[in-house]
Amino acid sequence: MNAEGRNRPERRLAAILAADVAGYSRLIGAVEEGTLNRLRAIRADVIDRAIAAHRGRLVKTTGDGFLVEFASVVDSLRCAVEVQRENAGRDGGGPADRRIEFRIGIHQGDIVVEDGDIFGDGVNVAARLEALAEPGGICVSARVQEDAAGRFDVGFTDLGEQNLKNIARPIRVYRVGSHKASMPPAQAPLLLPDKPSIAVLPFQNISGDPEQEVFADGMVEDITTALSKLRWFFVIAPRAVPST
């Protein structure tokens, strides 16, 4: 093999799981040391064990999230469901504004592997699906839903085609539920309460600096959380607002 072939990045098809902590900036701002200690414990006792049990490869961790590669779509979804269920049982008893809850997105797609890190379509779409998920929830692409449907006991709610940020084509998105019998019919109408509603729209980063996107997303989460404490308003989060 020539030098060019040896240096060429590896490409492969994989299932990618992307996760982050909902409201991480708020949690750190309120109780920094306690949040970091709890997050380390959850990673050791819940996340690392689930990844190993379902044959995943932890690619990297960030301050509040992690990225995992799987050879199997089913393994990736089983891992995600286990993480959410175990964490809910472990961290669900405390005050709502102090809970550590993960948002998870999963997509199957082409990736590029270089120096142990991964890049490409699979990673980008998984990260955008994660942003659509509710705290404690999982969103997957149609590819994942098609491969996993009927393979184990979870249900899927069709959220329709979504225009994801910086993704050229619309992606059909499904929300993952628990036991199938508990899932509402797909496309069930949303019943709004009898009180004023406020929709919080995503902030757009116009600075040209990609790092400012994280800051903008954090500001939107903080505003949504603050408004949700006002009981006389019904607050619609950015991820629930249809893309235009």
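This one's a predicted model, so the numbers in the text were calculated from it and none came from an experiment.
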**Q** Roughly how far, to the nearest 0.5 Å, is OG of Ser76 from NE2 of His54?
**A** 10.5 Å

**Q** With a 3.5 Å distance limit and no angle check, can you tell me whether Arg143 reaches the backbone of Gln108 through a side-chain donor-acceptor pair?
**A** yes

**Q** Determine yes or no for a side-chain-to-main-chain donor-acceptor pair under 3.5 angstrom, with Asp158 supplying the side chain and Gly160 the backbone.
**A**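 At least one qualifying donor-acceptor pair exists.
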
**Q** Do side-chain atoms of Arg78 reach the backbone of Ala50 as a donor and acceptor pair under 3.5 angstrom?
**A** no

**Q** Any Lys/Arg nitrogen of Glu10 or Arg12 sitting under 4.0 Å from an Asp/Glu carboxylate oxygen of the other?
**A**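 Judged by the 4.0 Å cut-off on N to carboxylate O distance, Glu10 and Arg12 do form a salt bridge.
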
**Q** List, by chain and number, the other hydrophobic cluster members for Ile111, where Ile, Leu, Val, Met, Phe, Trp and Tyr join if side-chain heavy atoms come within less than 4.5 Å, directly or indirectly.
**A** Ile16, Val59, Leu67, Val113, Ile118, Val123

**Q** Flag the pair Arg103 and Asp64 as a salt bridge only when some basic side-chain nitrogen lies within less than 4.0 angstrom of an acidic carboxylate oxygen.
**A** no

**Q** Looking only at non-hydrogen atoms, find the nearest pair between Val144 and His107 and report the distance.
**A** CG2-CA, 3.7 Å

**Q** Is a donor on one side and an acceptor on the other found under 3.5 Å between the side chain of Glu86 and the backbone of Val46?
**A**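 No; judged by distance alone, with no hydrogens or angles, the pair does not exist.
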
**Q** Counting C-beta onward and ignoring hydrogens, is there a side-chain heavy-atom pair between Lys60 and Asp117 closer than 4.5 Å?
**A** yes

**Q** Looking at CG of Leu58 and CD of Glu69, how far apart are the two atoms once the value is rounded to the nearest 0.5 Å?
**A** 11.0 Å

**Q** In plain terms, say whether Asp48 and Arg43 are close enough for a salt bridge, that is, a side-chain N and a carboxylate O under 4.0 Å apart.
**A** no

**Q** Do the side chains of Cys139 and Tyr174 get nearer than 4.5 Å, heavy atoms only?
**A** no

**Q** Is Phe66 reachable from Leu36 through a run of hydrophobic residues whose side-chain heavy atoms are each under 4.5 Å from the next?
**A**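 In one cluster: yes.
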
**Q** Check whether any side-chain N or O of Thr35 sits under 3.5 Å from a backbone N or O of Leu27 as a donor-acceptor pair, and report yes or no.
**A** yes

**Q** So, the side chain of Gln84 versus the backbone of Phe102: is there a donor-acceptor pair under 3.5 Å, distance only?
**A**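 Yes.
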
**Q** Backbone N or O of Val112 within a donor-acceptor pair of the Arg11 side chain at under 3.5 Å?
**A** no

